[in-house]
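The analysis underlying the following values was restricted to heavy atoms, covering all of them including side chains, and did not include hydrogens, waters or symmetry mates. Quick note: residue numbers are just sequence positions, from 1.
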Amino acid sequence: MAPESEEADDVMLDHLIKGATVVDGTGAPAFTADVGIRDGRVATVGKSTEEARTSEDAHGLVLAPGFVDPHTHYDAQLFWDPYATPSLNHGVTTVAAGNCGFTLAPLNPARPQDADYTRRMMSKVEGMSLVALEEGAPWSWHGFGEYLDALEGRIAVNAGFMVGHCALRRYVMGPDAVGGQPSAEQLDEMLRLLHEAMEAGAWGLSTTQSSTHSDGDGEPVASRHALPAELLALSRAVGEHEGTQIEAIVAGCLDQFSDAEIDLFVEMSAAAGRPLNWNVLTIDSAVPERVPRQLLASERARKAGGRVVALTMPILTPMNMSLGTFCALNLIPGWGPILGLPVPERIERLRDPDVRAGMLERAVSKEAGVFRRLANFGRYVIGDTYSEANRGLSGRVVEDIAAERGQDPFQCLVEICAADGLRTVLWPMPTDNDPASWALRAETWQHEDVLLGGSDAGAHLDRMCGAPYTTRFIGDCLRGRRLASLEQAVKMLTDDPARLFGLRERGRIREGFHADLVLFDPERIAAGTATLVHDLPGDSPRLDSKALGIRAVWVNGVEAIRDDVVSGAVPGKVLRSGRDTRTVATR
């Protein structure tokens, strides 16, 4: 028999959070309670008289479940940054990665050069630092299970991973994956690999058919060459495993779906009997027909026995541009070849009035789709500059500078950038920051097949910083536009994504659930301005944002953040399908 003191230790709480305003994730009204943590789980919710090893007074603070980010690209970053910063700082305790068809595994052991191909593709398509990819990850795996095992026990957030279609194709078809079609035997091998990955814990399949996704050689990525029969075969395989999903991107995600794209999404989800999510639904009152068109896929999927879920961001995430490096401007029809020229030749072409006129014409054309938003060059703000000629221009709006100089805005912008050798950082002002667009967002968030998310955290590191959408959104709901109540906002960031992914015992503050928790000051919760820091392997740059008003974050009952500083603990789990997720059936 154990001594009484040992028995007492067994039942003692590890930590007690006293007098918090609990917003439990269900959407129910907030209530005041003590919340006790024991063995990584929520042990008590209510007035607690139990002894605890440590405790803190949380009166005046809000305790919520840890936030769940449904769309990230932390696949590589977790190796050099187990804290998934800045997401963890902003209260995110669970991330879904392996999205858009891009994963670091599986890798064919017979072709070591495939790792280099994968790194160059990730650098191009997801804006990751090539040096960081080369130096920061071990690249010690071949199978998907080996990749998951390489992260096990060394991450501070919970992370689940889809398996990328591009990696499956590359493994089986080699260089023929770009441009080729699989033989019957090759498709069988792809299916075997997908089954193997899901048996090891992959959350399902991710794929892309987006016209914006190109590899390191500038070629359409492998999955873009897949025909519907291949996609449907892979989708059916997903349906054979417990707790799985599909994530898919098509060209129409950026603007409006074609009929064929809607058919594809509906058929993939119905074939799997699993939810399919896509991103990102852009909501703009100037294009009122977009939302009903995009949600038509969800309506039709439900009738066909599937479910199609749109991710949308509850904040505006600025993305910077440059005429010197690959960015969204390169994706405007006809712009890529000009912006791909060597810098001296590029400057010469950009200074040609006829070339600029042609570029502007293409930028406002129907085929430019959502990129038309980038065409109002007078509404760009000048960011970092590098030459004496541009001294004092940072923070100024191009149309004001153009008026002073007697130039049209695009000409003015080109001359500013040319003076910096095209290194100038440009920030387009959002076109959809009007009250009507925000009203339309609030309405759209209520749709049963719309989910908040789409941060792309871990990708496009020096161009955008979507990770802080959680704190910015809650701050906006409490002290800004107030488009949702605190209880609704928390539910949309916690329980809703947890339910979509079928996360077991996560997403709510409930006795027995995993103790993924975030404690914050409702008067202060917000995100700091995104600033460029050089803290990646090889001193590569990325945008970072301070979390304001977050007192502490716990992952599986262990304190991971206190006052925006990481604790050094790595209590996160690799969440594996079936074991950590349950099936969310669509029929």
Any donor-acceptor pair under 3.5 Å linking the side chain of S545 with the backbone of P468? no
Using side-chain heavy atoms (C-beta onward) and a distance below 4.5 Å, is N277 in contact with N279? no
Using a strict 4.0 Å threshold on nitrogen-to-oxygen distance, state whether E230 and R169 make a salt bridge. yes
Tell me, yes or no, whether the heavy-atom count around E361 atom CD, taken from other residues, nucleotides or ligands under 6.0 Å, exceeds 12. no
With a 4.0 Å cut-off, would you call D116 and R111 a salt bridge? no
dist R587:CZ -> R274:CZ (nearest 0.5 Å) comes out at 8.5 Å
Looking at H225, is its backbone amide N or carbonyl O close enough to the side chain of Q181 to form a donor-acceptor pair, meaning the two atoms are under 3.5 Å apart? yes
Non-hydrogen side-chain atoms of H71 and C100 separated by less than 4.5 Å: yes
Does the ring center of F377 lie less than 6.0 Å from the ring center of W427? no
Are E240 and R236 within salt-bridge range, i.e. N to O under 4.0 Å? no
Distance, nearest 0.5 Å, that separates CG of L104 from CG of L133: 7.5 Å
What do you reckon, are the aromatic ring centroids of H142 and Y147 less than 6.0 Å apart? no
Lys/Arg N to Asp/Glu carboxylate O, R506 vs D580, below 4.0 Å: no
Whether E267 side chain and L264 backbone form a donor-acceptor pair below 3.5 Å: no
So does D149 pair up with R576, basic N to acidic O under 4.0 Å? yes
Closest approach of V131 to P537 (non-hydrogen atoms, all atoms of both residues): CG1-O, 4.0 Å
Establish, from distance only, whether the side-chain atoms of N99 and S206 form a donor-acceptor pair under 3.5 Å. no
cation_pi(R293, F257) dist<6.0 Å, angle<=45: no
Considering only NZ, NE, NH1 and NH2 on the basic side and carboxylate oxygens on the acidic side, decide whether R119 and E135 come within less than 4.0 Å. no
Decide yes or no for S211 and R224: does some side-chain heavy atom of the first lie under 4.5 Å from some side-chain heavy atom of the second? yes
Step-by-step ring pair (Phe, Tyr, Trp, His ring centres under 6.0 Å) determination, F102 to H165: CA-CA 7 Å; F102 307 124; H165 190 180; over 10 Å; no
Within the 3.5 Å criterion, strictly below it, is a donor on S210 or T208 matched to an acceptor on the partner's side chain? no
Can D215 and Y117 be counted as having a side-chain donor-acceptor contact under 3.5 angstrom? yes
Any donor-acceptor pair under 3.5 Å from R170 side chain to D114 backbone: no
Taking E126 first and then R120, would you say they form a salt bridge - that is, a charged N and a carboxylate O separated by under 4.0 Å? no
Have T325 and R463 got a donor and an acceptor in their side chains that come within less than 3.5 Å? yes
Less than 4.5 Å apart, side chain to side chain, heavy atoms only: is that true for P182 and V172? no
Stepwise side chain to side chain donor-acceptor pair (under 3.5 Å) check, S87 with D69: CA-CA 8 Å; S87 291; D69 188 334; 4.6 Å; no
Using a strict 4.0 Å threshold on nitrogen-to-oxygen distance, state whether E448 and R302 make a salt bridge. yes
Answer yes if the side chains of N89 and T85 hold a donor-acceptor pair under 3.5 Å, and no otherwise. no
I need the minimum non-hydrogen distance between L194 and L234, along with the two atoms involved. CD2-O, 3.5 Å
Please check: side-chain N/O of E146 versus main-chain N/O of G143, any donor-acceptor pairing under 3.5 Å? yes
L311 side chain reached by L281 side chain, heavy atoms, under 4.5 Å: no
Under a 4.5 Å cut-off applied to non-hydrogen side-chain atoms, are T317 and Y469 in contact? no
Relative to the ring of W141, is the ring of F79 parallel (under 30°), tilted (30 to 60°) or perpendicular (over 60°)? parallel
Would you say R542 and P86 make side-chain contact, with heavy atoms under 4.5 Å? yes
At what distance, to the nearest 0.5 angstrom, does CD of Q113 lie from OG1 of T118? 10.5 Å
What I'd like to find out is whether the side chain of D284 reaches to under 4.5 Å of the side chain of T431, using heavy atoms alone. yes
Just by distance, with hydrogens left out, do H90 and T470 show a side-chain donor and acceptor under 3.5 Å apart? no
May I ask you to say whether D449 pairs ionically with R307, meaning some side-chain N is under 4.0 Å from a carboxylate O? yes
Looking at every non-hydrogen atom in both residues, tell me the closest pair between A226 and Q209 and how far apart they are. O-NE2, 3.3 Å
Under a 3.5 Å distance rule, please check whether R290 uses its side chain to pair with a backbone N or O of D255 as donor and acceptor. yes
Is the shortest side-chain N to carboxylate O distance from R373 to D432 below 4.0 Å? yes
Donor on one side chain, acceptor on other, S285 and D434, under 3.5 Å: yes
